[in-house]
Amino acid sequence: MPELLSPAGDRECLEAAIRYGADAVYLGGTQFGMRAASANFDADGLKAACTYAHERGTRVYLTCNTLPTNEEAEQLPEFLRMAQEAGVDALIVADVGILMLARRVVPALPVHISTQAGVVNYLTATELFRLGASRVVLARELSLDTIRVIRDKAPPELELEAFVHGAMCMSFSGRCLISSYLTRRDANRGECAQPCRWNYRLVEEKRPGQYFPIFEDERGSYLLNAKDLCMIEHIDKLAQAGITSFKIEGRAKSAYYTAVITNAYRGAIDAYRRDPERFEPPPWTLEEVNRVSHREYSTGFYFDRPDQRDRDGGYIREWEIVAVVDGWEGGSLVVTERNRFTRGDRVEIMIPHSRPVLFEIGTILDPECGEVESACHPMRRYLLPYDTPLPAGSILRRQAAETI
């Protein structure tokens with residue numbers, strides 16, 4: 001069965017990924033990772049994260065996939081030793097120099113080749129395996145037919161990882177320079193400003209100040225903006241093509257996003273495990289992927305010619321989190337508010353490894369003030385009478401009907 005690999009941009013996301021069914025998580029340290037805007041993990045935080053994950057049977061992969069400068073190269077041996085001491089299960093690298101350095105400095109630590117390396121054929125995959133890589137994260141631009149050939153002709157011991165869900169880059173496997181040119185924020189160093197999502201218009205050289213839409217939309221053109229990837233309906237095809245690990249994009253996303261998407265793919269993969277010959281994703285898992293902030297979905301490059309260009313720069317966000325369950329005491333859920341909720345609100349409770357359940361909020365008890373009509377103090381704890389104990393980390397959410 002394929003591994004479910006979820007993003008962990010910070011400790012809250014790490015716990016959400018593990019709680020909702022990830023087999024492994026990938027995260028970044030304070031150096032050499034491709035998500036500079038994420039909270040990431042310092043040495044102590046990384047060690048604590050590994051301990052937390054391993055106690056729950058989850059593997060931890062550390063990103064080391066920027067392209068280091070000469071000056072940074074001198075810091076790499078210490079970083080690699082720190083990663084090994086923290087207990088990570090593998091490194092994710094994009095640079096052959098880092099691969100070979102890791103083989104010398106931390107030879108017992110498995111190395112995965114990042115999608116940034118742009119592996120598109122079995123020749124490259126095979127040579128990377130001979131150099132010591134145990135896994136390659138395939139370029140996002142490959143079809144399932146191409147992946148099948150790589151699986152057939154690459155060493156059987158080599159693991160293949162591929163993205164199955166999340167944001168797509170308009171440039172080849174994320175190797176883009178537009179952000180560097182326009183904002184001096186280098187995408188290849190984890191600092192992308194995402195200018196491909198911006199609204200562009202055309203200006204003629206001799207008509208300054210006159211802006212012309214490039215195509216039919218009166219607000220301008222999003223000609224570089226890619227749709228999000230969603231392959232939850234095709235778990236069987238991905239597995240049968242020989243993909244070892246199903247990767248969810250989103251180290252810069254929220255813990256709510258991580259929880260929802262991990263839970264959905266966990267449910268779909270478990271359905272495939274139960275009956276691989278007649279796989280159908282449970283209907284609730286298909287609904288879940290629409291309950292997070294996302295762009296219009298597509299199947300990327302996996303089937304035929306991709307339909308990748310998104311004609312709008314906004315996100316679809318129709319659901320919002322209202323509270324997180326901390327525990328259950330004496331017939332009541334103990335919850336921490338995230339967004340205001342009121343008596344009578346109809347919400348869904350998202351429970352790890354399960355479909356959501358409906359719940360109408362009745363009595364709201366503030367431990368300091370007693371019964372209240374609404375919860376309107378973010379991060380304050382409240383009590384909600386509820387007959388059944390729920391695991392900590394369960395999420396209360398409601399339909400927001402908002403698009404941003």
Side-chain angles (χ1 to χ4, degrees), residues 1-9 13-14 17-18 22-35 38 40-43 45-68 76-117 119 124-139 154-164 173-174 190 242-251 262:
M1 287 295 109
E3 169 189 82
L4 178 58
L5 177 57
S6 295
C13 292
L14 172 91
I18 294 171
D23 298 308
V25 296
Y26 64 103
L27 48 76
T30 54
Q31 295 174 283
F32 307 115
M34 286 296 295
R35 289 296 181 271
S38 300
N40 296 317
F41 295 79
D42 60 17
L46 182 61
K47 185 174 183 178
C50 290
T51 299
Y52 179 89
H54 292 161
E55 287 174 348
R56 291 158 179 79
T58 307
R59 296 175 290 278
V60 177
Y61 306 146
L62 177 67
T63 61
C64 186
N65 54 348
T66 57
L67 303 180
L76 274 164
E78 180 181 355
F79 180 83
L80 297 175
R81 293 188 188 97
M82 178 276 297
Q84 180 172 256
E85 291 170 3
V88 303
D89 296 283
L91 296 167
I92 304 172
V93 311
D95 184 86
V96 174
I98 301 179
L99 167 62
M100 303 314 295
L101 179 67
R103 302 275 32 89
R104 294 191 298 272
V105 175
V106 286
L109 195 57
V111 177
H112 301 171
I113 302 301
S114 170
T115 191
Q116 293 287 117
V119 177
T124 304
T126 298
E127 292 306 319
L128 288 167
F129 174 75
R130 289 173 178 167
L131 289 174
S134 61
R135 176 185 295 188
V136 294
V137 187
L138 298 169
E157 300 86 358
L158 178 66
E159 299 175 350
L160 302 182
E161 179 178 306
F163 283 91
V164 299
S173 284
I243 297 172
T244 306
S245 179
F246 292 175
K247 188 170 196 171
I248 297 170
E249 183 276 337
R251 274 201 294 134
T262 299

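Remember, predicted model here, so these are calculated numbers, not experimental data. Heavy atoms only: backbone and side chains are in, while hydrogens, waters and symmetry mates are out.
In this structure, L158 and A133 approach most closely via the heavy-atom pair CD1-O, 3.9 Å. Residue V25 comes nearest to A17 through the heavy atom pair CG1-CB, 3.8 Å, listed as atom of the first residue, atom of the second, then distance. Shown here for T262 and S6, the closest heavy-atom pair between the two residues is OG1-OG, 2.8 Å. The shortest heavy-atom contact between A8 and C13 is CA-CB, 4.0 Å. The heavy-atom pair separating F129 from P155 by the smallest distance is CD2-CG, 3.5 Å. Here the shortest heavy-atom pairing between L62 and G28 reads CD1-C, 3.8 Å.
Two residues are said to be in side-chain contact when any heavy atoms from C-beta on lie closer than 4.5 Å; P110 and R135 fail this criterion. Considering only heavy atoms from C-beta on, P2 stays 4.5 Å or farther from I243 through its side chain. Two residues are said to be in side-chain contact when any heavy atoms from C-beta on lie closer than 4.5 Å; P7 and I248 meet this criterion. In this structure, the side chains of T63 and L27 stay at 4.5 Å or more apart for every pair of heavy atoms. By the 4.5 Å heavy-atom criterion applied to side chains, Y26 and K247 are counted as neighbours. V137 is not listed as a side-chain neighbour of I113, based on a closest heavy-atom distance of 4.5 Å or more.
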Atom pairs and distances, donor-acceptor, side-chain atoms in residues 91-98, under 3.5 Å, two or more places apart:
from	atom 1	to	atom 2	distance (Å)
D95	OD2	G97	N	2.8
D95	OD2	I98	N	3.2

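Between the side chain of T124 and the backbone N or O of V119, no donor-acceptor pair lies under 3.5 Å. Looking only at distances, no side-chain donor or acceptor of T244 sits under 3.5 Å from a matching main-chain atom of E159. In this structure, S114 contributes its side chain and Q116 its backbone to a donor-acceptor pair below 3.5 Å.
For the atom pair L76 CG and C64 SG, the distance stands at 5.5 Å (nearest 0.5 Å). Here the straight-line distance linking atom NE2 of H112 with atom CG of N65 works out to 12.5 Å at 0.5 Å rounding. Note: L138 CG to E161 CD = 8.5 Å, rounded to the nearest 0.5 Å. Atom-to-atom distance recorded for L128:CG and T126:OG1 is 9.0 Å, nearest 0.5 angstrom.
Residue pairs that meet the side-chain hydrogen bond (donor to acceptor under 3.5 Å, both in side chains) test with at least one member in residues 50-59, sequence neighbours left out, are E3-R59, H54-D89, R59-Y61.
Here R81 does not pair with E78 in a salt bridge; the nearest charged N to carboxylate O distance is not below 4.0 Å.
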